[in-house]
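We name chains A, B, ... by the order of the sequence lines, and we start the count at 1 in each one.
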Number of protein chains: 2
Amino acid sequence: MIKMKQATINDVARIAGVSKRTVSRVINGSLSVGEHTRTKVQNVINELKYSPNTQARGLASSRSYLLGLIYDNPDALYLDSVQRGVLEVCSNLGYELVVHPCRYQSPTLVQDCLRFISRSKLDGIIVLPPVSELEELAQALKDSGRAYVRLSSVALDEPCHIVVSDDRAASAEMARYFAQLGHEKIAFITGPQAYKSTIERMEGFQLGLSAYGIQLRADWIVEGDNSYEKGIECARQLLLASERPTAIYANNDQMAAGVLKVAHELGIAVPAQLSVAGFDDNMLASRVIPSLTTIRRPVRQMALLAATKMIMSIENNDKGAEQVAAKVAPTLVVRESTAKVRQS
Amino acid sequence: MIKMKQATINDVARIAGVSKRTVSRVINGSLSVGEHTRTKVQNVINELKYSPNTQARGLASSRSYLLGLIYDNPDALYLDSVQRGVLEVCSNLGYELVVHPCRYQSPTLVQDCLRFISRSKLDGIIVLPPVSELEELAQALKDSGRAYVRLSSVALDEPCHIVVSDDRAASAEMARYFAQLGHEKIAFITGPQAYKSTIERMEGFQLGLSAYGIQLRADWIVEGDNSYEKGIECARQLLLASERPTAIYANNDQMAAGVLKVAHELGIAVPAQLSVAGFDDNMLASRVIPSLTTIRRPVRQMALLAATKMIMSIENNDKGAEQVAAKVAPTLVVRESTAKVRQS
DNA sequence: TTGTATGCGTTATCAG
DNA sequence: CTGATAACGCATACAA
């Protein structure tokens, strides 16, 4: 097996009998190249299996063809979806995706991320929630002059820099669904108060309920942290109280699974005696018994939109990025864990 | 906010009053630099917050400081662990991680991967199972002259190129556990026959059982594909038959969850009437009711080892890579889904 | 429409 | 131990 050196632009130029400038034009799809010349060069490129050296190209044009993905979410069951989605858009345009897992809690988070993007000379950065909600990071991203897109539940940036998931509307839909099932004694387990998604989902839910004249009792709003363990803890608090809700909406599927666990321990039948719902539609939701009614986030679609915006920003200088849709709608998925309230 | 151009090696050289060659030596930790000169240069570097341009460096040294991760496995939690593990080792050495999701089934898989590594000029590639088991890809990797490490359940490459998870031994342990619980009527739901892990887990299980004089009945070995849905299908087949096993071991947690689902539907109590176990210890295992007895794969540790091997290969030319441990041992995690067989 | 010359920020060669 | 100087492969003013 002979170790061939990769063909360079010079090889192509020499063999095609043109200057490298012309080859460069062909590569970059310049319009000012004669039809004849173009095909001639293209043929040589194909024969030599030539593909431009990304590093050299980057060095000369100060572009890296590298996109970054900053994420934290510990139960990022959608990480794979995001990565595939982004690459589906970017891969055949010549971009690669560099990942940067981090910790939302870390005191050096912003600094770390900045070192990451400047060291890698990224052309663009996609930031997932909840890290995406850090204004300090966003400002630094803006200052860096690089393209970036944030995913969030709130439109906390200009249209070209954000893709929002309308968690508020989705939660309102869940509220409507609960109300229509006849539930009135409803509890809500929140996520971390620092997250925008927590606020959106809670307010959306309350708003939705109020349309049916239902109001959440203060002691039936308990603060969770999106973890399974905390879900269990909160569920205990709710289900061991003197008066019990007939339905519990948890800020995510993890906590909803915790509620199922506690209900099972206490011998409370779901959904006969208690309806339970979550948010995310991650793997758990459909596997757990009873399967969870939840809200499905169109993760893949968000990734596609974010990637499209990024490319627009990079190649068309923000002009077109604003045209790309910026909002997606999560949808209600009804499964086994919810039912009409039982007359008691 | 002034947009500062990044300082270059020239700036450092000029200000420090030395040649850029010397600065380069300092950066790369060359030994042949005077102590005085070194500290002088280092000070300027710190003051200017200079960090070398990866692209230029790569162009000159034909190294990219980019590592690639080729994967197919849809389980995102696993993916996150791997990514974090690899970066923990490589990040402060200046490497970044580029991801390449792919489809094991795709006819152009090998070709895609090769285009990926050659286009990105990766210094090294880590391949996760089951893609790691493709010999055609491995050969191509070898031919490319790049460093690479495969993760698998079998030692299908030289020590410097592989990290193996001893699924066979782990399965044998599960067999011992089952036997000690008194089970004799045991069924096994396999993974895809094409995967090495499937064979290892099945053979390990059979070997372990045979130590107790137990043999798997042929009709109690059913072929699954590691999906939840197929798990359900296989479970139906096993549990609706005239004679029922008292224990089912599934090739992964997804399918085990499917077994729980069917058992629940059929009113078969787990673990009272049926013991169920899986493999992986993914999020599902601990969340499901009853929680699953399973085998925990030390994913993080595997990632660390793989990354360490990679770095060794890249920087010390395979010499040291062989010294790094190449095998990890998954461990039995006992939860609620298994119990002593009931005398009937 | 095509070509020439120069620079991008490093590393590497070879002297001193 | 240190320093000029030539690659590295490509893009881009500037010419022609």
Engineer: Measuring to OP1 and OP2 of C:dT4, would you say a side-chain N or O of A:S19 lies under 4.0 angstrom away?
Structural biologist: no

Engineer: Could you check which of C:dT2, D:dA4, C:dT11 has an atom nearest any side-chain atom of A:R25?
Structural biologist: C:dT2

Engineer: At 4.0 Å (heavy atoms only), tell me whether A:V18 reaches a base, stays on the sugar-phosphate, or touches nothing.
Structural biologist: sugar-phosphate

Engineer: Is it true that A:E135 and A:K142 have a side-chain N and a carboxylate O under 4.0 angstrom from each other?
Structural biologist: no

Engineer: What nucleic acid atoms does A:T8 come within less than 4.0 Å of, heavy atoms only: base, sugar-phosphate, or nothing?
Structural biologist: sugar-phosphate

Engineer: Name the nucleic acid region contacted by A:T37, choosing base, sugar-phosphate or nothing; use a 4.0 angstrom heavy-atom cut-off, strictly under.
Structural biologist: sugar-phosphate

Engineer: Taking CD from A:Q6 and C1' from D:dC10, how many angstroms apart are they, rounded to a whole number?
Structural biologist: 14 Å

Engineer: Return no unless some side-chain N or O of A:N10 is found under 4.0 Å from OP1 or OP2 of D:dC10.
Structural biologist: no

Engineer: Quick one: on DNA chain C, does B:S51 or A:S32 contact a more 5' nucleotide (nearest heavy atom)?
Structural biologist: A:S32

Engineer: Please confirm whether the backbone N or O of B:L122 pairs with a side-chain atom of B:S120, one donor and one acceptor, at under 3.5 Å?
Structural biologist: no

Engineer: Quick check: does any side chain N or O of B:K121 sit under 3.5 Å from a backbone N or O of B:L59, one acting as donor and the other as acceptor?
Structural biologist: no

Engineer: At a heavy-atom distance below 4.0 Å, what parts of residues 55-63 of chain A sit against DNA chain C?
Structural biologist: A:L59, A:A60

Engineer: Could you tell me whether the phosphate oxygens of C:dG3, OP1 or OP2, come under 4.0 Å of any side-chain nitrogen or oxygen in A:T22?
Structural biologist: yes

Engineer: To the nearest Å, how far apart are B:R119 CZ and D:dG9 C1'?
Structural biologist: 17 Å

Engineer: When you measure from the centre of the six-membered ring of A:Y65, is the NZ or CZ of A:R63 under 6.0 Å away and within 45° of the axis?
Structural biologist: yes

Engineer: Taking B:R146 for the side chain and B:I125 for the main chain, is one N or O donor matched with an acceptor at less than 3.5 Å?
Structural biologist: no

Engineer: Determine whether any donor atom in the side chain of A:R21 lies under 3.5 Å from an acceptor atom in the base of D:dA11, or the reverse, and answer yes or no.
Structural biologist: no

Engineer: Among D:dA6, C:dT2, D:dG9, find the nucleotide with the atom closest to the side chain of B:K20.
Structural biologist: D:dA6

Engineer: Which whole-number value in Å describes the distance from A:K121 NZ to C:dG9 P?
Structural biologist: 9 Å

Engineer: Using whole Å, what does the distance between atom C1' of nucleotide D:dC10 and atom CG of A:D11 come to?
Structural biologist: 13 Å

Engineer: With sequence neighbours left out, write down each residue that passes side-chain hydrogen bond (donor to acceptor under 3.5 Å, both in side chains) with B:S132, or none if nothing qualifies.
Structural biologist: none

Engineer: Given atom OH of A:Y50 and atom C1' of D:dG9, what is their separation to the nearest angstrom?
Structural biologist: 7 Å

Engineer: What is the distance, to the nearest angstrom, from the CG atom on A:N53 to the P atom on C:dT10?
Structural biologist: 16 Å

Engineer: Using a distance-only test with no angle check, is there a side-chain donor-acceptor pair under 3.5 angstrom linking A:D143 and A:Q139?
Structural biologist: yes

Engineer: CD1 of A:I9 versus C1' of C:dT2: gap in Å, rounded?
Structural biologist: 14 Å

